[in-house]
K.L.:
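Okay, handing you the structure first.
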Amino acid sequence: MNLKLNGKVALVVASSQGLGKAIAEQLVTEGTSVMITSRNEEKLQTVYEELKQIGKGNVSYCPADITKIEDIQNLVTKTREEFGKIDILINNAGGPPGGTFEKFSDQDWQNAFELNLLSYVRTVREVLPDMKKNGGRIINIALSSIKQPIPGLILSNTFRLGVVGLAKSLAEELAPYNILVNTIAPGRIATDRVAHLDQVKAEKQGVSREDIEEASKKNIPLGRYGKPEEFAKVVTFFVSEASTYMTGSSFVVDGGMVKAI
Ligand SMILES: NC(=O)c1ccc[n+]([C@@H]2O[C@H](COP(=O)([O-])OP(=O)(O)OC[C@H]3O[C@@H](n4cnc5c(N)ncnc54)[C@H](OP(=O)(O)O)[C@@H]3O)[C@@H](O)[C@H]2O)c1
């Protein structure tokens with residue numbers, strides 16, 4: 001299958017580590033020029049050096065806090081200046097804090113909205129002029145709670161579904177421009193964030209992180225956490241020219257964990 005990603009330009013948001021970094025790496029390997037970004041310039045510099053070693057697609061980086069509109073505007077402008085166009089947008093972010101309803105104030109809800117939903121709205125708005133000219137691919141990274149809510153993650157459970165609604169509406173509005181919009185949701189993929197969440201849970205329960213991991217794996221039919229590159233390969237297919245007839249859909253990459261139909 002020819003993915004035809006060579007020569008394309010991708011903006012991968014929140015890509016200094018974890019899933020975003022794995023997606024950037026996969027795209028560079030396919031010959032795509034990639035703009036990586038996060039808040040931390042030092043981390044970006046390190047990832048930039050690493051990705052350059054692949055020697056296929058070009059790489060650039062631009063620090064941005066995606067809760068700030070002016071940072072998003074600057075990021076998109078820099079991507080355009082650096083590579084001349086934007087064909088692919090990967091919307092991604094850090095996760096909101098875990099907790100149940102009574103733990104959170106209005107400010108917590110506002111923060112989660114800005115990080116996990118409004119930032120996606122703003123990046124789409126900024127890249128639209130490029131994509132309306134040549135078509136494009138937009139992927140929103142979400143969470144398996146879009147199919148089955150996760151206890152104790154009320155902020156995520158709420159705003160990730162907003163992302164699905166946004167994608168579904170955008171799919172219809174942007175189809176005339178051949179812009180395809182899909183949502184891809186990880187189950188448990190072994191990143192620093194998941195290790196941290198397992199550690200927090202372990203400390204709460206007075207057990208080891210390994211115990212928590214083992215218990216989680218029992219709920220995953222494939223019996224293990226996913227690797228970031230396994231998740232990244234699915235995303236890479238969806239942004240490629242091999243995927244031309246799917247838009248407005250949501251997919252989980254979870255080793256069979258979610259039981260909802
Ligand atoms: N891994 C999984 O199994 C899993 C499962 C379900 C959902 N998810 C969701 O998928 C997303 C990525 O997960 P991950 O595991 O890759 O997380 P991660 O390892 O914590 O990485 C998060 C990335 O987001 C960046 N970031 C955070 N806040 C930002 C901000 N305000 N502006 C710009 N960049 C920001 C971080 O970079 P800096 O700190 O350098 O800014 C980092 O690059 C998260 O939303 C997570 O909730 C992951």
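Indexing begins at 1, ligand by ligand and atom by atom, following the structure's order. Residues take their numbers from the sequence shown, with the count starting at 1.
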K.L.:
What do you reckon, does Asp192 have a nitrogen or oxygen under 3.5 Å from a nitrogen or oxygen of ligand 1?
P.N.:
no

K.L.:
Which is closest to atom 48 (C) of ligand 1 in terms of heavy atoms, Ala190, Pro186, Ser38?
P.N.:
Pro186

K.L.:
Using the side-chain hydrogen bond (donor to acceptor under 3.5 Å, both in side chains) definition, which of the options Asn219, Asp254, Asp198 pairs with Arg188?
P.N.:
Asp198

K.L.:
Any N or O on Gly20 sitting closer than 3.5 Å to an N or O of ligand 1?
P.N.:
no

K.L.:
I'd like to know if Arg160 contacts ligand 1, where contact means a heavy-atom distance under 4.0 Å to any ligand atom.
P.N.:
yes

K.L.:
Does only the side chain of Arg188 get under 4.0 Å from ligand 1, or the backbone, or both, or neither? Count heavy atoms.
P.N.:
backbone

K.L.:
When you measure from atom 7 (C) of ligand 1 to each heavy atom in Ile72, Leu143, Ile150, which option holds the nearest one?
P.N.:
Leu143

K.L.:
Give the contacting part of Thr191 toward ligand 1: side chain, backbone, both or neither, where contact means a heavy-atom distance below 4.0 Å.
P.N.:
side chain

K.L.:
Does even one non-hydrogen atom of Gly187 get within less than 4.0 Å of ligand 1?
P.N.:
yes

K.L.:
Can you check side-chain hydrogen bond (donor to acceptor under 3.5 Å, both in side chains) on Gln148 and Lys259, steps first, answer last?
P.N.:
CA-CA 8 Å; Gln148 185 176 302; Lys259 301 298 183 277; over 6 Å; no

K.L.:
How long is the gap from OG on Ser16 to OH on Tyr61, to the nearest 0.5 Å?
P.N.:
13.0 Å

K.L.:
Compute the shortest N/O to N/O distance between Leu115 and ligand 1 and return yes if it is under 3.5 Å, no if not.
P.N.:
no

K.L.:
For ligand 1, which is the ligand I care about here, please tell me if Thr67 has any N or O atom under 3.5 Å from one of the ligand's N or O atoms.
P.N.:
no

K.L.:
From the options Gly94, Ser15, Ser16, Ser145, select the one whose nearest heavy atom is closest to atom 37 (O) of ligand 1.
P.N.:
Ser16

K.L.:
Does Pro228 come within less than 4.0 Å of ligand 1, judged by its heavy atoms?
P.N.:
no

K.L.:
Side chain, backbone, both or neither: which part of Ser156 comes within less than 4.0 Å of ligand 1 when only heavy atoms are counted?
P.N.:
neither

K.L.:
So, is Ser144 polar-close to ligand 1, with some N/O to N/O distance under 3.5 Å?
P.N.:
no

